[in-house]
Amino acid sequence: MPASPEPTNPAAVIEVENLFKAYKTVQAVDGITFSIPRGRIVGLLGGNGAGKTTTIGMIMGLVSPSSGRISVLGHDMARERHAVLHRMNFESPYVDMPHRLTVRQNLTVFGMLYGVARLGERIARLAAELALGDFLDRRAGQLSAGQKTRVALAKALINDPEVLLLDEPTASLDPDTADWVRGHIERYRADHDGTILLASHNMGEVERLCDDVIMMKQGRIVDRGSPAALLARYGRDDLEEVFLDIARDRRGPIGA
Ligand code: ATP
């Protein structure tokens with residue numbers, strides 16, 4: 001097997017270069033480039049259809065890019081995906097689990113796929129941390145939306161991933177559970193030095209969790225910076241206003 005090329009930026013855990021994805025009539029991702037260093041939580045923001053889920057799908061290897069390069073932990077995802085998949089995981093409300101299996105059975109299947117050692121203990125610990133105990137032996141098809149989201153997060157953490165891709169991790173959670181899940185993500189990053197890419201429509205969540213934000217529009221990256229830098233650049237007090245400025249072409253960066 002040929003040696004993998006050195007990543008352009010050796011400190012980067014996720015590197016995306018000139019990435020495109022076209023469906024028949026839609027240019028879903030239109031030439032994006034970014035990198036994420038270890039231990040960072042980066043928010044992927046943009047209106048409906050901006051290309052966030054497609055981007056996450058391509059990084060995970062679930063969607064094949066039309067062109068461009070993705071490297072994770074120094075491995076080219078087109079050629080060496082299997083060398084790195086066990087060190088990554090993802091959560092998306094759009095990926096459903098087999099309905100007839102119980103939560104415990106689902107987590108067991110995913111844990112076995114990832115080759116998790118002492119799987120029973122791992123599931124018990126996750127069930128305690130994410131308060132799944134009440135429905136661990138219930139069929140996945142019988143869960144409420146919020147319970148499903150918690151199980152999806154447990155599935156995403158089953159292999160203690162170094163790289164975590166989260167697609168709207170608090171969608172359909174009540175405010176209390178959402179706050180608790182955000183706390184869990186913060187602790188996870190701190191305990192594991194985890195690198196997290198998080199798509200979200202919740203600006204409060206992004207301001208709380210993210211070191212850096214990538215703003216997408218129509219498949220392109222239109223701005224990037226820390227939440228504080230974006231607020232300063234657009235002269236706004238909250239990120240929702242910045243989001244609306246960009247989404248509606250209402251106002252560009254100050255001085256631009
Ligand atoms: P949302 O905030 O609504 O979840 P998103 O930013 O995640 O949006 P994507 O799901 O990545 O957006 O979709 C980007 C574009 O690609 C949209 O126009 C969408 O309709 C299109 N698209 C996504 N998946 C497919 C597919 N399988 N076939 C055709 N078009 C697709």
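Counting starts at 1 for both ligands and their atoms, following the listed order. Small disclaimer: the values here were computed from a predicted structure and weren't measured. We use all heavy atoms of the structure for the numbers below, so side chains are in, but hydrogens, waters and symmetry mates are not.
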Problem - More than 12 heavy atoms from other groups under 6.0 Å of CD on E241 - result: yes
Handout entry: Backbone of L198 reached by a side-chain donor or acceptor of K52 within 3.5 Å
Key = no
Problem - Option with minimal heavy-atom separation from atom 11 (O) of ligand 1, where the choices are T25, V63, T54 - result: T54
Practice task
Report, in ascending order of atom number, the atoms of ligand 1 lying under 4.0 Å from any heavy atom of A50.
Solution key: 5 (P), 6 (O), 12 (O)
Practice task
Using distance alone, determine whether G51 and ligand 1 share an N or O pair under 3.5 Å.
Solution key: yes
Handout entry: Between H86 and N159, a side-chain donor and acceptor under 3.5 Å
Key = no
Handout entry: Atoms of ligand 1, numbered as shown, that sit under 4.0 Å from any heavy atom of G47
Key = 2 (O), 6 (O)
Handout entry: Nitrogen or oxygen of V26 less than 3.5 angstrom from that of ligand 1
Key = no
Problem - Interfacing atoms of ligand 1 (cut-off 4.0 Å, heavy-atom, H201) - result: 2 (O)
Exercise for the section: Return the option from T53, N48, L44 holding the heavy atom at the smallest distance from atom 10 (O) of ligand 1. Expected result: T53
Completion exercise
Applied to residues 215-224, the side chain to side chain donor-acceptor pair (under 3.5 Å) test, sequence neighbours excluded, yields D30-R220, D212-R224, K217-D249, D223-R233, D223-Y234
Problem - Residue portion contacting ligand 1 (non-hydrogen atoms closer than 4.0 Å) for M216 - result: neither
May I have the list of side-chain donor-acceptor pairs in residues 124-135 shorter than 3.5 Å, sequence neighbours left out?
none

Handout entry: Nearest-0.5 Å distance, CG of residue L153 to CG of residue L164
Key = 7.5 Å
